[in-house]
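Beneath this line is the structure, given in structure tokens, with notes to follow.
Counting convention: from 1, in listed order, for ligands and their atoms alike.
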Amino acid sequence: TRHRQYQVRDLLTQLELEKDHLEERVKDRTRELNRSVRFLEQFTYSMAHDLRAPLRAIRSYTGLLSEDYAQLLDEQGRRMIGKVESAAGRLDSLINDLLSLARLSNLEVPLLPISVDSVVDGVVYALDEEIRRTDAVVEKQRCNLKAFGNPVILKQVLENFLANAIKYSEPRGRPEVRIWAEMHEGRVRVCVSDRGIGIAPEFLQKIFQPFQRLHGHEIPGSGIGLAIAAQGAERMGGSIGVSSQLGEGSTFWIDLNSSVNLPAHVEAASVA
Ligand code: ADP
């Protein structure tokens with residue numbers, strides 16, 4: 001029996017050592033992984049940044065060509081210049097989106113209690129032109145809820161949801177969008193729903209990854225908006241999600257901590 005006891009004791013010591021060793025290895029790997037992620041983020045940022053200068057030159061020279069030399073070109077030549085201009089425009093917005101994505105991961109994000117209603121007002125105001133152009137019906141429901149987050153990032157996330165709701169409703173006619181917020185499992189959930197083209201179930205998770213688009217150039221976009229929204233939500237300690245029925249419409253939401261348990265002296269921030 002004594003011999004057995006010694007054996008068990010040795011085994012336990014051995015197990016403890018193995019556990020320590022494993023924990024050290026996990027820490028090392030995590031450090032390595034964080035280093036690679038930081039490197040990739042910085043690489044994306046500087047690449048996107050450096051692509052801007054030559055693109056600016058391409059855009060300004062094609063602009064000059066189509067303004068000052070259009071009469072020297074035939075119809076086909078002018079059409080070609082037009083195509084170069086629109087491709088350069090798409091590349092420009094892609095680079096801007098990439099820069100926003102990279103900036104978001106490097107940025108310090110101060111969190112504070114925010115009034116969801118005032119952020120929603122700011123979002124609808126910012127997209128006023130698009131709403132008018134498409135004759136969209138946007139229904140906002142007051143919620144009087146306070147979330148704990150960053151007003152600028154929340155506004156950016158909801159702007160992306162609302163712009164998409166309008167954009168992906170247009171092929172089906174007049175966009176009808178509803179924005180509301182509710183408490184969901186102790187957190188504040190802000191939802192944007194539309195009656196647009198919807199998304200097939202097999203693509204529901206894919207669309208949150210950068211550059212994943214379900215459409216060609218017939219619907220403009222870079223495929224980065226939702227990746228930025230997901231990154232933004234994560235930086236605020238929240239998350240985003242979607243439910244959708246193909247051909248029926250979609251509901252996108254962001255979940256944030258509620259600021260109910262925060263000290264009362266902290267004032268709710270509003271978005272200009
Ligand atoms: P994009 O610039 O292409 O709109 P996003 O990252 O914002 O990029 O969205 C990724 C893809 O998710 C879109 O290309 C589209 O296929 C799909 N999507 C996003 N919002 C909606 C919506 N409200 N209804 C239908 N599809 C949507």
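Short contacts between ligand 1 and Ile224, defined as distances under 4.0 Å to a heavy atom of the residue, involve ligand atoms 6 (O), 8 (O). Those atoms of ligand 1 with a heavy atom of Lys167 less than 4.0 angstrom away are 1 (P), 2 (O), 4 (O). For ligand 1 and Asn160, the ligand atoms under 4.0 Å from any heavy atom of the residue are 7 (O). Heavy-atom contacts of Gly221 reach the following atoms of ligand 1: 2 (O) (cutoff under 4.0 Å).
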### Task
Report the C-alpha separation of Glu130 and Arg133 in whole Å, then their side-chain angles, then the decisive distance to 0.1 Å, and conclude whether the salt bridge (charged side-chain N to carboxylate O under 4.0 Å, His left out) test is met.
CA-CA 5 Å; Glu130 197 54 15; Arg133 187 189 66 77; 2.8 Å; yes
May I have the step-by-step check of salt bridge (charged side-chain N to carboxylate O under 4.0 Å, His left out) for Asp121 and Arg142, ending in yes or no?
CA-CA 10 Å; Asp121 284 345; Arg142 301 269 113 196; 2.6 Å; yes
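At least one heavy atom of Ser250 sits less than 4.0 Å from an atom of ligand 1.
By the rule that hydrophobic residues join a cluster once side-chain heavy atoms approach within less than 4.5 Å of another member, Leu65 and Leu91 end up as members of separate clusters. Neither Leu94 nor Ile58 shares a network with the other; the hydrophobic side chains, linked directly or stepwise wherever heavy atoms of I, L, V, M, F, W or Y lie under 4.5 Å apart, form separate groups for each.
Contact record, Ala227 with Gln209: CB-C, 4.2 Å, taken as the closest heavy-atom pair.
The environment of Arg195 atom CZ is sparse: at most 12 non-hydrogen atoms of other residues, nucleotides or ligands sit within 6.0 angstrom. With a 6.0 Å radius and a threshold of 12 heavy atoms from other residues, nucleotides or ligands, Glu234 has its CD atom at or below the threshold. Within 6.0 Å of CD on Glu129 lie no more than 12 heavy atoms contributed by other residues, nucleotides or ligands.
Closest to atom 19 (C) of ligand 1 by heavy atom, among Thr251, Asn164, Ile166, is Asn164. Which of Leu226, Val242, Ile197 comes nearest to atom 9 (O) of ligand 1 through a heavy atom is settled by distance: it is Leu226. Evaluated by nearest non-hydrogen atom to atom 1 (P) of ligand 1, the leading choice among Gly223, Ala165, Gly225 is Gly223.
Remark: Arg25 does not engage Asp28 in a salt bridge, criterion side-chain N to carboxylate O under 4.0 Å.
Here the protein heavy atom with the shortest distance to atom 23 (N) of ligand 1 is Asp194 OD2, 2.9 Å. Among protein heavy atoms, the minimum distance from atom 13 (C) of ligand 1 is reached at Tyr168 OH, 3.2 Å. Of the protein's heavy atoms, Arg213 NE, 2.5 Å lies nearest to atom 3 (O) of ligand 1. Closest to atom 17 (C) of ligand 1 among all protein heavy atoms lies Ile207 CG2, 4.0 Å. In terms of protein heavy-atom proximity, atom 26 (N) of ligand 1 is nearest to Ile199 CG1, 3.4 Å. Scanning the protein for heavy atoms near atom 2 (O) of ligand 1, the closest one is Ser222 N, 2.9 Å. Of the protein's non-hydrogen atoms, Gln212 O, 3.7 Å is the one closest to atom 11 (C) of ligand 1.
Of all the heavy atoms of Phe252, the ones lying under 4.0 Å from any atom of ligand 1 belong exclusively to the side chain.
Below 30°, between 30° and 60°, or above 60°: for Phe161 and Phe252 the angle between ring planes is between 30° and 60°, a tilted geometry.
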